[in-house]
Amino acid sequence: MAGNSLAGALETSPILRLPYDIRVEIYRHLFPRNPQLHLMADKQGLSVMLSKGELPMNIFTVCRQLYPETSGYLYNNYLFNVVGLTSDCIARYEPLQQVVQKHARGDVKTDIFDNGVLSSTACISIYVSGGFVEGIAHRRRRGVPRELSEVKLELATTAHAGPSAIWSSVRVVLYGARLFRNVLLGMLLEQPLYALALACFALVLLLAIYLGALDGGRIQVHSSRV
């Protein structure tokens, strides 16, 4: 029965009659030349950031026998970058990671990058190790590498803290900016003693506000929320 099924596939799909190396050359021309694919994460899911028709989805439905080969080519030869808000990236990357693992011919690596503690966006890169795509991932020059577990913990802590604790953190910044402005004003008025006294007062007040914002350890004001 299996032999009859394969024979039928060869009759209905002429591409399967071609040598494997020729089919790979066809895939190389069909799929995007850029080995990096970017996917935007949002509340609805993931969307590929490509022009219409640039990713030939129809080739995956030519026949059942061709699907594993075309899928294997795609998921082993491209670096998938999930970009967007950090919370959306964390919520949406795992299904893609599982699909890559299903077709991978090696270990699957998952890296996350952001732009520092003030950033609310991130990029999660998923790729199969052992190929040229891994070299592209290692040569990445943008963003700060992070640990997925660390970012997930920060998101969970921030969500648990709630708006009141976040507002406490904002108040620290506002009070600090206002007091710093007064210090500069005192220096401009050439009153160094006034400036020094105000600076000491600012430090004490900021420390008090900081401890109040912690509110029993619910949130760290200077936590690296991305």
Side-chain angles (χ1 to χ4, degrees), residues 15 23-24 26-64 66-159 166 224-226:
I15 190 174
R23 295 201 299 270
V24 170
I26 294 175
Y27 305 151
R28 187 173 290 120
H29 284 81
L30 283 176
F31 287 98
R33 293 188 176 184
N34 189 345
Q36 297 194 63
L37 295 179
H38 291 81
L39 300 95
M40 176 62 69
D42 55 28
K43 302 303 180 185
Q44 284 69 46
L46 295 177
S47 55
V48 182
M49 301 169 63
L50 289 174
S51 302
K52 185 177 180 180
E54 195 170 353
L55 188 61
M57 301 302 297
N58 290 339
I59 195 171
F60 298 108
T61 59
V62 170
C63 72
R64 189 182 307 172
L66 196 61
Y67 173 78
E69 189 172 280
T70 52
S71 300
Y73 180 87
L74 174 65
Y75 293 112
N76 285 276
N77 291 283
Y78 285 88
L79 171 64
F80 296 88
N81 296 308
V82 178
V83 298
L85 294 176
T86 305
S87 56
D88 290 336
C89 291
I90 292 295
R92 300 298 178 185
Y93 85 93
E94 288 186 345
L96 174 61
Q97 183 188 52
Q98 293 170 1
V99 174
V100 175
Q101 288 175 335
K102 178 181 177 181
H103 298 281
R105 293 190 288 266
D107 295 332
V108 175
K109 303 292 185 181
T110 304
D111 303 326
I112 184 169
F113 304 86
D114 62 30
N115 292 313
V117 296
L118 299 179
S119 174
S120 61
T121 59
C123 171
I124 298 180
S125 296
I126 304 173
Y127 57 94
V128 178
S129 64
F132 72 95
V133 173
E134 184 174 13
I136 296 174
H138 289 171
R139 291 193 298 270
R140 181 185 176 96
R141 293 292 181 267
R142 292 177 296 173
V144 180
R146 302 287 305 280
E147 292 291 335
L148 269 170
S149 57
E150 177 185 358
V151 176
K152 289 180 179 180
L153 179 61
E154 289 172 0
L155 289 175
T157 303
T158 303
I166 297 176
S224 22
R225 179 178 182 270
V226 293

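The figures that follow rest on heavy atoms only: side chains count, while hydrogens, waters and symmetry mates do not. The first residue of the sequence shown is numbered 1, and numbering continues consecutively from there.
- Using a 4.5 Å heavy-atom threshold, the side chains of Ile124 and Leu96 count as separate.
- Side chain of Ser71 to main chain of Pro68: no donor-acceptor pair is present (N/O by atom type, distance under 3.5 Å, no hydrogens or angles).
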Donor-acceptor pairs under 3.5 Å, side chain of residues 27-34 to any protein atom, not counting sequence neighbours: which ones?
residue	atom	partner	partner atom	Å
Tyr27	OH	Glu69	OE2	2.5
Arg28	NH1	Glu25	OE1	3.2
Arg28	NH1	Glu25	OE2	2.3
His29	ND1	Glu25	O	2.8
Asn34	OD1	Gln36	N	3.0

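- The backbone N or O of Lys109 sits nowhere less than 3.5 Å from a side-chain atom of Ser129 that would complete a donor-acceptor pair.
- Within the model, atoms NZ of Lys43 and CG of Leu85 stand 6.5 Å from one another, a figure rounded to the nearest 0.5 Å.
- With a 6.0 Å radius and a threshold of 12 heavy atoms from other residues, nucleotides or ligands, Lys152 has its NZ atom above the threshold.
- Residue Gly84 comes nearest to Cys89 through the heavy atom pair N-SG, 3.4 Å, listed as atom of the first residue, atom of the second, then distance.
- Contact check for Leu55 versus Leu74: side-chain heavy atoms found under the 4.5 Å cut-off.
- Listed by chain and residue number, nothing satisfies the salt bridge (charged side-chain N to carboxylate O under 4.0 Å, His left out) test with Arg92 (two or more places apart in sequence, or in another chain).
- To the nearest 0.5 angstrom, Leu66 atom CG is 13.0 Å from Arg64 atom CZ.
- The OG atom of Ser125 lies 11.5 Å from the CG atom of Leu37; values are rounded to the nearest 0.5 Å.
- Between Thr110 and Gln97, the shortest heavy-atom contact is OG1-NE2, 2.7 Å.
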Test Asp114 against Arg146 for side-chain contact (heavy atoms from CB on, under 4.5 Å), laying out the working first.
CA-CA 7 Å; Asp114 62 30; Arg146 302 287 305 280; 2.5 Å; yes
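- Scanning both residues, Val128 and Ala104, for their nearest heavy atoms gives CG2-CB, 3.7 Å.
- Side-chain contact check for Ile90 versus Leu148: some heavy-atom pair is nearer than 4.5 Å.
- Residues Leu46 and Met40 fail the side-chain proximity criterion, which asks for heavy atoms closer than 4.5 Å.
- Side-chain contact between Pro35 and Leu79 is absent, with no heavy-atom pair separated by less than 4.5 Å.
- Residue pairs meeting the salt bridge (Lys or Arg N to Asp or Glu O under 4.0 Å) criterion with at least one partner in residues 119-132, sequence neighbours excluded, are absent.
- Counting heavy atoms from C-beta outward, Asn77 and Phe132 have side chains that approach closer than 4.5 Å.
- Judged by distance alone, with hydrogens and angles left aside, the side-chain atoms of Thr86 form a donor-acceptor pair with the main-chain N or O of Ser120 at under 3.5 Å.
- Here Ile15 contributes atom CD1 and Ile59 contributes atom CD1; the two are 5.5 Å apart, rounded to the nearest 0.5 Å.
- In this structure the side chain of Thr121 never reaches within 4.5 angstrom of the side chain of Val83, judged on heavy atoms.
- Nearest approach of Phe113 to Asp111, heavy atoms of both residues: CE1-CB, 3.7 Å.
- Taking 4.5 Å as the limit, every side-chain heavy atom of Asn76 sits out of range of all side-chain heavy atoms of Val133.
- Of the options Tyr127, Tyr75, Tyr93, a ring-ring contact (aromatic ring centres under 6.0 Å, His included) to Phe80 is made by Tyr75 and by none of the others.
- Here the straight-line distance linking atom CD1 of Ile112 with atom SG of Cys123 works out to 8.5 Å at 0.5 Å rounding.
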